[in-house]
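Heads up: the structure comes next, in structure tokens.
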There are 2 protein chains.
Amino acid sequence: MARTTDGSGIPVPQRLLAAATRLFAERGYDRTSVQEIVEAAGVTKGALYHYFGSKDDLLHEVYARVLRLQQERLDAFADADAPVERRLRDAAADVVVTTIDNLDDASIFFRSMHHLSPEKDKQVRAERRRYHERFRALVEEGQREGVFSTATPADLVVDYHFGSVHHLSTWYRPDGPLTPQQVADHLADLLLRALRP
Amino acid sequence: MARTTDGSGIPVPQRLLAAATRLFAERGYDRTSVQEIVEAAGVTKGALYHYFGSKDDLLHEVYARVLRLQQERLDAFADADAPVERRLRDAAADVVVTTIDNLDDASIFFRSMHHLSPEKDKQVRAERRRYHERFRALVEEGQREGVFSTATPADLVVDYHFGSVHHLSTWYRPDGPLTPQQVADHLADLLLRALRP
DNA sequence: AGCTCCATACCGACCGGTTAGTCTGCCGAG
DNA sequence: CTCGGCAGACTAACCGGTCGGTATGGAGCT
């Protein structure tokens, strides 16, 4: 067992990351002190600065984890063997579901980007761009095939949809009337309906 | 002349508000010190605390200004004498244009809500809710008349559209290829296309 | 016209409190 | 004996907000 765990069996770095995620989402990055993070994780500052270089590093880790997950899932849906309208719909719905499943991550993502150091900000933006472009490629593919309207530039269509995803952390409440899957279906529907030729 | 102005002729309170708006949008509320604000406005702390009760007050003023403007414009469009699809379209496009025209306000609005004191937060949420409901009423009206699809709950439609408005401050750049009006037309188009029965 | 008086507008040194990050050293495992 | 893993006291830098003081212009009286 050793010193990397307490009674819970979860290693210290992960406990710190989990505590930071929750607190960043709750109070925001600046309003969360490292003291609060280490207390929530049941350790002290020594432990935090043993594993992470700075408070900023912690935030970056949250971003890296989210981006990795979303990119993997998007790639899987985009590479599937199905008509493009089906692949886009599945991808659009999936990002809604996974975003709702990780609403804390989403709040942090969209509210705290500007707290990253310039280099980390650059790195995150680059990865987001890759994600955006993969998604856009799906729209463009459908437009070339004639199954999607070309009235709106693909870039704008992607931003339109991700605006709504972004917005989820503002209004979605787990105790509301709609399940994550229902919301996802509706939002994917709206996207596909807007794209009808 | 007197002491309420410097060479620019703009009164001190407005200079403070303008400086705060720019800085809050640039670096975020917490990363902006009152010292920086007063320096940008060309005064000292004494002046700031003479006109405003707290730093928080300054933020609240920004919100109040934005909310008032948007609500007035929405009411004007919603009350117009025209078919509902036209009124919704105009309102949807207008909020995009005015948001782009005040991108700083928009960044602050969506990124710094949680920095407001509980009471002010409550007040802002209440006004936003009124705005949301006015917009939703337009969608519902069209749905009742049969000119809009009822496949998606009106609430979700409104959140879908405002997600994209919210998102503008993330990606829109004045030096990009699209004018504010062009973006507005496209986004309003997407909304109306998604609502076709 | 001149003088007094006071409200308004603003200055800037100062205070209590908080923060991210550092550093020394202990402890248990191998 | 050594070394990763961590504890926790410490520091230097700020930060929001306060407060006594100063300058200015106009109202009221004579």
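The figures that follow rest on heavy atoms only: side chains count, while hydrogens, waters and symmetry mates do not. Per chain, numbering begins at 1; letters A, B, ... match sequence-line order.
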Listing time: all N or O pairs from protein to nucleotides 15-17 of chain C that are below 3.5 Å?
none

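A salt bridge between B:R144 and B:E140 is absent, with no side-chain N of the basic residue lying under 4.0 Å from a carboxylate O of the acidic one.
Within the 3.5 Å criterion, the main-chain N or O of B:T32 finds no donor-acceptor partner in the side chain of B:R27.
The nearest whole Å value for the distance from the CD atom in B:E39 to the P atom in D:dC14 is 13 Å. Nucleotide C:dG12 holds its P atom 15 Å from the CG atom of B:L48, rounded to whole Å.
Only A:S54, A:K55, listed by number, bring a heavy atom of residues 54-66 of chain A to less than 4.0 angstrom from any atom of DNA chain C. DNA chain C lies under 4.0 Å from at least one heavy atom of each of the following residues of residues 18-38 of chain A: A:T32, A:S33, A:V34.
In this structure A:P197 satisfies the side chain to side chain contact (heavy atoms under 4.5 Å, CB included) test with no other residue, sequence neighbours excluded. In terms of the side chain to side chain contact (heavy atoms under 4.5 Å, CB included) criterion, residue partners of B:A92 (sequence neighbours excluded) are, by chain and number, B:F135, B:H161, B:A188, B:L191. Considering only residues two or more places apart in sequence or on other chains, A:Y131 meets the side chain to side chain contact (heavy atoms under 4.5 Å, CB included) condition with A:Q70, A:Q71, A:L74, A:V95, A:F162.
Among residues at least two apart or in separate chains, ring pair (Phe, Tyr, Trp, His ring centres under 6.0 Å) pairs with a member in residues 55-81 of chain A are A:Y63-A:F109. Residue pairs meeting the salt bridge (charged side-chain N to carboxylate O under 4.0 Å, His left out) criterion with at least one partner in residues 171-187 of chain B, sequence neighbours excluded, are B:R89-B:D185. Listed by first then second residue, pairs satisfying salt bridge (charged side-chain N to carboxylate O under 4.0 Å, His left out) with a partner in residues 50-67 of chain A read A:D56-A:K120, A:D57-A:K120, A:R65-A:D105, not counting sequence neighbours. Within the structure, no pair that satisfies the salt bridge (charged side-chain N to carboxylate O under 4.0 Å, His left out) test touches residues 37-49 of chain B, not counting sequence neighbours. Within the structure, salt bridge (charged side-chain N to carboxylate O under 4.0 Å, His left out) contacts touching residues 146-159 of chain A (residues at least two apart or in different chains) are A:R136-A:D155. Within the structure, the ring pair (Phe, Tyr, Trp, His ring centres under 6.0 Å) test picks out no pair touching residues 177-197 of chain B (sequence neighbours left out).
When each of A:G53 and B:T44 is assigned the nucleotide of DNA chain C bearing its nearest heavy atom, the one mapping closer to the 5' terminus is B:T44.
One cannot find a donor-acceptor pair under 3.5 Å joining the base of D:dA7 and the side-chain atoms of A:K45.
Listed nucleotides: D:dG16, C:dC10, C:dA20. Nearest to the side chain of A:Y49: C:dA20.
Phosphate proximity of D:dG5 to A:H50: present, with a side-chain N or O under 4.0 Å from OP1 or OP2.
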